[in-house]
Structures are given as C-alpha cells and as structure tokens.
Protein chains: 2
Amino acid sequence: MDYFEIYHPGLSIDCVIFGFHEKELKVLLLKMQNMDKWAVPGGFVKKDEDVDTAAVRVLKERASVTDVYLKQYHLFGDITRNNSAYVDKLVDKKVITDKSSLWFHQRFVTLGYYALVEFSKVTPAPDHISDSCEWVSLSELPELILDHQQIITKALHALRKQLKFQPIGKNLLPEKFTMTELRVLYETILGEELDRRNFQRKMLGYGILTKLKETRKGGAHKAPFLYCFNEEIYNRSLENGFNTVW
Amino acid sequence: MDYFEIYHPGLSIDCVIFGFHEKELKVLLLKMQNMDKWAVPGGFVKKDEDVDTAAVRVLKERASVTDVYLKQYHLFGDITRNNSAYVDKLVDKKVITDKSSLWFHQRFVTLGYYALVEFSKVTPAPDHISDSCEWVSLSELPELILDHQQIITKALHALRKQLKFQPIGKNLLPEKFTMTELRVLYETILGEELDRRNFQRKMLGYGILTKLKETRKGGAHKAPFLYCFNEEIYNRSLENGFNTVW
DNA sequence: TCAAAAGTGTTTCTTTTACACCCATGC
DNA sequence: GCATGGGTGTAAAAGAAACACTTTTGA
C-alpha cells in the first residue's frame with residue numbers, strides 16, 4: 001500500500017470513543033501489536049475525502065463502530081507531538097513495514113474527534129494492526145502512545161463543555177432508559193452528584209424526553225419508568241443549545 | 001521560494017480578526033491582488049512550527065497584528081472547499097508564480113483561528129500579495145474567496161458561544177473603557193439588546209472589572225466612569241468559565 | 001434650560017436548591 | 001416485613017428581569 005498515493009499528507013485523525021457502562025465512562029482503546037502501549041483508534045484522511053467522512057470511516061475500520069454521534073473538537077498541531085523514535089520502534093516491532101516508515105516519519109498534525117456510542121452495541125474487536133481492543137475506564141487508563149493521554153483529556157473537557165448547554169444521552173444510552181440511568185450518565189461526565197428530583201424536573205422541562213408507559217422490570221425494588229428521547233426536540237436542542245447550565 | 005521545502009503540506013491557516021469600532025463588529029480583510037475578491041488573512045504552517053505559533057506568525061506577517069487573543073475554533077476539511085480553477089486564476093493574475101502553482105494546487109485543509117484585537121491598535125496595511133487591507137463590517141462583507149464566508153460565519157458562532165460563559169473584552173476594547181462600551185460590545189456580538197442596569201450588576205458581580213477613579217470626559221452629557229479588567233480574575237475566568245449564561 | 005446619557009435601588013418573577021414522605025418490589 | 005430505590009411536591013433562597021427617578025453635562 002502506498003500511503004503517499006492514497007492519503008492526505010501529514011494529517012491524521014484520532015477518535016476518542018466514549019461509552020457508558022456500569023456507572024462508568026469508558027473509552028475504547030486499541031493495544032498496539034507487540035507493544036505494551038495503547039492508543040485511541042486513529043487513521044488518515046484520503047485525498048478525496050472530507051475529514052468528517054474520514055472520521056466515520058476510521059471508526060468503522062479500526063473499531064467496527066458505526067452510527068454514532070461524532071464531533072470534531074481540536075487539532076493537535078504542536079511540533080513536540082511527533083516522535084521519530086516511536087516510529088522506529090513500530091518498524092522494529094513489525095507493526096508497520098520498513099517501506100512505509102517514510103510515511104510514518106512525517107510530521108503529523110492530528111484532528112481529534114470524540115464519539116458517543118451505546119456501550120452494548122459495540123463488540124470490541126482488534127483490527128489487523130492491534131493486539132486487542134477494549135473498553136477502559138477513564139480512571140484506569142493504561143500507558144498510551146504519543147500524546148494520546150492529552151487527546152483523551154481534552155476530549156473529556158470538550159464533552160463536559162458540550163454537556164453544559166446541550167443535551168447528551170442519545171448514542172450513549174440505549175433507546176429506552178430510566179431517569180436514573182440518564183442522571184448517572186450526567187453525574188459521571190460531570191464528576192459530581194446531582195439531586196435526583198431536581199434533575200428530573202429540569203430534564204423534563206427541556207421537553208426532550210418522552211415518558212413511556214413501560215417500566216423497567218426485573219430489577220429489585222420498585223420498577224422505574226422508561227423514557228426515550230424526542231428526536232425532533234433533541235436534535236433542535238443540539239443545534240440551538242439550552243439557555244441554562246448544568 | 002520552495003513551499004514544499006518550508007511548509008507542512010496540505011495544511012493552511014486562516015485567521016478571522018475581529019475588531020470593534022463605532023458599535024460595530026468588524027473583520028480585517030485583505031483584497032487579493034488584481035482581483036475583486038477578498039480574503040481572511042491566511043498562511044501556512046512551517047515544518048518545524050506549532051500550529052498555534054504559525055497562527056501568530058500569519059497574523060503578524062499578513063496583517064501586522066501582534067499581541068492578540070487567538071483561538072483555534074475549527075478545521076475546515078471538506079473536499080469541496082478546494083478549487084483548482086481559483087488557483088489557475090491566481091496564476092493568471094500573477095498573484096502566485098507558475099512555478100509555485102503546484103503547491104497551491106494541492107488539496108488543503110485549513111485551520112480556522114479567530115483573533116480579538118483592539119481596533120485602534122491596528123493600522124491596516126496590505127502585504128506584498130494584497131491590494132489592500134481593510135476593516136469591514138460583518139453586515140457588509142464583500143465577495144470572498146473560496147469558503148471564507150463560511151469561515152467567518154463559523155468564527156462568529158464560536159465567538160458567541162465563548163461569550164456565553166467566558167469573559168470577553170480584553171483585546172477588543174482599549175485598556176480603559178466605560179461600562180456602556182463593554183455592554184455595547186456584548187450587544188453587538190450577541191445581536192441583542194441588554195438591560196443597562198442588569199448588565200452592570202451582573203458584570204460587576206463577576207469581579208473581573210476594576211472601577212477607576214477617572215471618568216471619560218469630553219463627550220457630551222454626564223462623564224461615565226472608566227473601568228479596566230482585573231487581569232488575574234479575568235484570566236482565571238477565561239480558564240474556568242462562568243457558571244451563568246448571558 | 002433641556003436633551004441625552006449615567007448613576008443607582010427596588011419589586012416581581014423565575015429558577016434553583018434543599019428537603020421528606022409514601023409506594024412498590026425482591027429478598 | 002424491611003431494605004432499597006422510585007415517585008412526587010413544597011418551601012426557601014438565589015438569581016434574573018423589569019422598571020423609574022435623580023444627576024451631570026454640553027449645547
């Protein structure tokens with residue numbers, strides 16, 4: 001494969017994939033072949049491809065993830081983020097061929113996207129250049145390559161900022177969910193506890209939720225009602241934002 | 001000049017420079033040599049240069065603007081934004097040499113920055129590839145090259161978003177200013193009127209202002225007090241944001 | 001002396017916060 | 001039957017919005 005033929009030079013994409021499971025916010029990471037370091041799924045932009053389209057493709061190719069909320073949040077373009085020694089190591093470990101090392105030795109700027117996905121819909125599967133693919137709690141991040149730690153941190157900050165004045169939940173939660181599940185998601189992202197009753201009132205006030213007749217049975221204790229998002233109002237709120245802050 | 005030697009391939013930078021004058025928000029535009037189209041000051045990133053540093057340099061080289069607030073807000077990476085016919089025209093008009101046209105015929109993604117500058121501190125001066133350099137009201141934008149209209153529009157949206165939960169004013173206003181001047185700036189960016197008294201109370205509540213003993217004399221009517229920003233609290237608010245919304 | 005902008009305070013309304021009781025369910 | 005989480009409402013506090021009168025100044 002001739003990278004120089006196919007891809008836009010010096011530009012990569014990295015996608016921080018957020019999922020929510022067991023009251024924890026997780027990111028989907030790939031373990032580099034023959035190495036003890038992990039990485040956010042990334043890739044390159046084809047010469048005739050929109051960067052947004054490239055991000056969607058990267059998500060699919062490298063993490064088998066489709067149909068997600070995806071948002072560009074920052075271009076990482078410091079000169080320090082490149083590391084020739086790291087590429088030499090990749091060649092050494094046969095992660096990349098010697099022939100293609102010229103491509104990887106370029107200076108890259110990388111465009112950061114974050115993706116919100118429904119945890120249960122993703123079956124982590126390593127691609128051909130990864131040893132494994134796993135959900136990892138934000139509180140237990142392993143050693144990461146290059147500046148991927150920073151890329152994740154900044155994605156989390158961007159996500160928090162978005163949460164402050166836009167709805168979040170679609171794509172992170174299953175189609176039907178309880179008010180508590182939604183609240184715990186908010187608490188997890190914000191890193192603080194929220195009053196159960198006040199949360200419910202405020203959230204319902206936005207009108208983005210539809211209360212269903214069903215309840216979530218099977219759990220211990222009283223069966224809570226299920227909700228789903230009102231797509232139309234949800235999307236409108238995504239565009240316009242709220243006028244209040246969490 | 002060999003662009004390929006010096007610059008990072010396929011990556012450009014465009015800076016939307018906002019200034020505030022006579023109750024209007026303005027942008028600094030360059031008129032392309034021998035053409036009737038205008039452009040936002042832009043440039044390229046050197047191979048050994050941080051993108052943020054490149055933005056500062058571009059601002060200085062192309063618009064003689066220094067010491068400003070500068071913020072990366074979006075990477076424009078759609079495939080449609082490139083236009084070979086446009087480059088041919090530039091060669092035809094001798095804005096760029098035939099020799100360098102290969103560089104300009106690349107597909108570029110461009111990184112958008114917006115800058116906030118003090119209007120009176122800028123003396124618009126065209127650089128060597130521009131006919132003129134002028135402040136233009138946002139409401140009277142001339143015909144712009146490529147997707148520069150979109151680049152400006154998105155910069156304004158990003159600025160409005162920032163205004164909602166961060167202080168704005170430093171760099172856009174002179175060191176000393178009246179409360180009315182600050183309010184009119186806010187009104188201009190937001191595109192709506194704000195109550196004079198409520199604005200003052202809320203703004204003072206943030207603690208980012210220092211009331212001076214001086215007043216602005218010379219104008220008709222009662223002389224208003226002057227204020228300046230409390231740098232320390234201002235910068236802290238820039239970092240942390242407010243918890244309220246305008 | 002008057003028009004126009006500036007300074008200042010109060011009342012009302014809305015939003016946010018804090019908090020308590022009853023209900024349903026599985027163990 | 002009891003521990004646990006779920007449903008619901010209200011009172012107090014804080015914040016936002018609406019609003020009016022007096023002061024200063026140049027013309």
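Chain identifiers are assigned alphabetically (A, B, ...) following the order of the sequence lines, protein sequences preceding nucleic acid strands; residue numbering begins at 1 within each chain.
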Distance, rounded to the nearest Å, where B:L226 contributes CG and C:dG7 contributes C1'
15 Å
We want to know whether A:Y114 and A:Q162 form a side-chain donor-acceptor pair, criterion being a heavy-atom distance below 3.5 angstrom.
yes
Interatomic distance where CD belongs to B:Q200 and C1' belongs to C:dG7 [whole Å]:
7 Å
Presence of donor-acceptor pair under 3.5 Å, side chain of B:R201 and base of D:dG15:
no
Minimum-distance nucleotide (side-chain atoms of A:A220 versus D:dG7, C:dG26, C:dC19):
C:dG26
Check: A:R197 side chain, C:dA20 base, donor-acceptor under 3.5 Å
yes
When rounded to whole Å, the CZ to P distance for the pair A:F242 and C:dT15 reads 14 Å
For B:H21 and B:F119, take the angle between the two ring planes, folded into 0 to 90°, and tell me which bin it lands in: parallel under 30, tilted 30 to 60, perpendicular over 60.
parallel
Name the closest nucleotide to the B:K202 side chain, picking from D:dG7, D:dT4, D:dA16.
D:dA16
Round to a whole Å and report the spacing from CG of A:N198 to C1' of D:dA13.
13 Å
As a test of reading the structure: which of C:dG7, C:dA5, D:dG9 is closest to the side chain of B:F225, going by heavy atoms?
C:dG7
Nearest-angstrom distance from the residue atom NZ of B:K164 to P of D:dA16
13 Å
OP1 or OP2 of C:dA5 under 4.0 Å from side-chain N/O of B:T180:
no
Tell me whether the OP1 or OP2 atom of D:dG7 has a side-chain N or O from A:K211 closer than 4.0 Å.
no
Mind calculating the distance between CE (A:M203) and C1' (D:dG6) to the nearest angstrom?
17 Å
Take the angle between the ring planes of B:Y206 and B:F242 and call it parallel below 30°, perpendicular above 60°, tilted in between.
parallel
Would you mind reading off the distance between B:K222 atom NZ and D:dG26 atom P, rounded to a whole angstrom?
13 Å
Exactly one candidate in A:V40, A:I151, A:L75 meets side-chain contact (heavy atoms from CB on, under 4.5 Å) with A:T110; the answer is A:I151
Out of D:dG26, C:dG9, D:dT8, minimum distance to the side chain of A:R196 belongs to D:dT8
Residues that B:R196 engages under salt bridge (Lys or Arg N to Asp or Glu O under 4.0 Å), provided they are two or more places apart:
none
Ignoring the backbone of A:T244, work out which of C:dT16, D:dT8, C:dA6 is nearest its side chain.
C:dT16
B:H221 has a side chain; which of D:dA3, C:dA18, C:dA4 sits nearest to it?
C:dA4
Round to a whole Å and report the spacing from OH of B:Y227 to C1' of C:dG7.
9 Å
